[in-house]
Amino acid sequence: MTDSQPSYGEGTRAVHTPHPPAFEQEPLGLPVYRTASFAFSSANEFAEVLGGRAPGYSYSRVDNPTADAFATAVAALEGHGVDDDIVGQPFASGMAAISSAVMAHVGAGDHVVCAAAVYGGTWSLLANVLSRFGVTASFVEGNDPADYRAAVTDRTRLVWVETIANPTLAVADLPELAAVAHEAGALLGVDSTFATPVLCRPLEHGADMVMHSATKYLGGHGDVTGGVVVGRRDVIDPVRHLRIDLGGALSPDDAFLLHRGVSTLPLRVSRHSASAMVLAEALATHPAVARVHYPGLSSHRDHPLATKIFDAGRFGGMVSVDPHGDRDAGILLCDRLRLGMPASSLGGTRTIVSHVASTTHRQLADTDLARAGIAPSTVRISVGLEDPGDLVADFAQALDGLR
Ligand code: PLP
């Protein structure tokens, strides 16, 4: 624009309204940069930024300051206590994060060793999608590192596990699995959605990449979808390039909500964990219950490992319970609850339940469920932020009706 202002028409005047001047003061709240593009002072500056030779933002699918602030916040939490420079990449969903994280590090002819008890979308990405592009995968049942070592081939590039698995709440032996991956020259990628950096920081235990469905605890209110991958810069740079090419960019508005969620994460996860412990202990004493799965209980097989790799005696907000009986017992338990709501997702303010055999694991026959340590009646509970006494009473009245 030149100094002498021509007299523009009303359309031009409406479009070219002045923006507030840039100023140095830091706002306490995170600004939402709701823009697709960023303007440059010259064509040359545009070319320099786009070419990566100068710092700056060009286009929000590539980078956006609000989305970056969210990923940087998670990288700071996950990187605490780690000497390397830990960086993060924001995504529109957990699955967008997983697909970029995995595909950034494997190509045709490569092999992935993956826990059998992973999120169904991860399993499907490997078994149904990447298999069409020449990537093979072995799925390991249970969490014995020796079984992972046995599954490794000379083409293994990635080992993928979840810190806490769904719905048995088995805990991954991250230091041992990192050793297995690194001996093979592969990376260890960890989906730490259930654990959050409040319970456990996998990078401290040797993992190379940590991924979250931010839809869950990071957002924490059940009102946004998002994902994030963090790790060393050399591991994350290829993930960033794939994010740009595949297009799963996090929107600035959703990034704002997720960034705000991160600021209350320790408070919420502490409360989820304390309430889950109270509920798990109460469920374990109810005569209608055959088994409770919660890594905070000394009866859980992985309690010693969880005590070792989780922080400050917190074991998370996820609990699974097997009422006596078959599938109908689990379904009836869900239906009888007044506070617990049958719904997808987890990690929000409200207690959510799912009957595992008819929802998340509906493709599995009873024999396959048994091999995976899941009973026909298993109900997965995402313990919300209600008063724990109210939750215990609600589950007690629901279980009383099963006898
Ligand atoms: N990982 C885990 C452990 C999950 O539970 C989920 C979703 O339920 C995902 C990944 C996928 O995340 P999103 O639904 O945000 O794509």
Side-chain angles (χ1 to χ4, degrees), residues 67 70-71 74 78 88-103 112 114-129 139 143 158 160-172 174 189-200 202 207 209-230 239 243 246-251 254-255 257-258 261-262 269 272 293 295 316-320 341-348 350 352-356 359-363 372 374 378 380-383:
F70 159 64
V74 179
E78 288 288 0
Q89 284 295 311
F91 288 88
S93 70
M95 277 316 299
I98 294 171
S99 48
S100 286
V102 172
M103 290 164 72
V112 178
C114 184
V118 280
Y119 176 64
T122 309
W123 180 87
S124 180
L125 174 75
L126 289 166
N128 300 331
V129 181
F139 294 94
N143 61 354
L158 181 66
W160 189 269
V161 297
E162 295 180 2
T163 312
I164 304 177
N166 173 29
T168 57
L169 307 180
V171 179
L174 298 177
V190 178
D191 178 339
S192 212
T193 299
F194 279 31
T196 83
V198 175
L199 295 192
C200 178
M209 267 193 297
V210 179
M211 166 272 151
H212 291 273
S213 165
T215 316
K216 313 298 179 338
Y217 288 103
L218 299 187
H221 293 74
D223 51 9
V224 58
T225 62
V228 62
V229 182
V230 307
V239 178
R243 173 178 62 71
L246 293 179
L250 177 63
S251 89
D254 291 347
L257 291 173
L258 294 174
V262 168
V269 172
H272 286 299
H293 310 256
M318 301 301 296
V319 177
S320 293
M341 299 298 296
S344 289
S345 204
L346 58 107
R350 293 176 66 156
I352 285 177
V353 292
S354 52
H355 172 244
V356 172
T359 59
T360 52
H361 291 62
R362 62 190 175 282
Q363 293 89 352
I374 302 166
T378 301
R380 187 188 81 177
I381 309 161
S382 168
V383 178

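Just so you know, these numbers use all the heavy atoms, side chains as well, and skip hydrogens, waters and symmetry mates. Just follow the structure's listing: the first ligand is 1, and inside any ligand the first atom is 1. From a predicted model like this one, the values you see are computed outputs, not experimental measurements.
Counting protein heavy atoms only, atom 13 (P) of ligand 1 is closest to Gly94 N, 3.4 Å. Of all protein heavy atoms, the one lying nearest to atom 12 (O) of ligand 1 is Ser213 OG, 3.1 Å. Among protein heavy atoms, the minimum distance from atom 16 (O) of ligand 1 is reached at Met95 N, 2.8 Å. The shortest contact between atom 11 (C) of ligand 1 and any protein heavy atom is with Tyr119 CE2, 3.4 Å.
At least one heavy atom of Asp191 sits closer than 4.0 Å to an atom of ligand 1. Taking a 4.0 Å cut-off on heavy atoms, Asn166 fails to register as neighbouring ligand 1. Using a 4.0 angstrom heavy-atom cutoff, Lys216 counts as in contact with ligand 1.
Shown here for Leu126 and Val102, the closest heavy-atom pair between the two residues is CD2-CG1, 4.2 Å. Here the closest heavy-atom approach between residue Gly88 and residue Val230 is recorded as CA-CG1, 3.7 Å. Shown here for Val262 and Phe70, the closest heavy-atom pair between the two residues is CG2-CE1, 4.0 Å. Nearest heavy-atom pair across Thr193 and Ser213 is OG1-N, 2.9 Å. Taking each heavy atom of Val190 and Ala207 in turn, the nearest pair found is CG2-CB, 3.7 Å. Between Thr378 and His355, the shortest heavy-atom distance links the atoms O-CD2, 3.5 Å.
Set against the non-hydrogen atoms of Ile98, the atoms of ligand 1 under 4.0 Å away are 10 (C). Atoms of ligand 1 found under 4.0 Å from any heavy atom of Thr215, numbered from 1 in the order shown, are 15 (O). Using a 4.0 Å cut-off to heavy atoms of Ser93, the atoms of ligand 1 that qualify are 15 (O), 16 (O).
Under the 3.5 Å distance criterion, the side-chain polar atoms of His272 are matched with a main-chain donor or acceptor of Val383.
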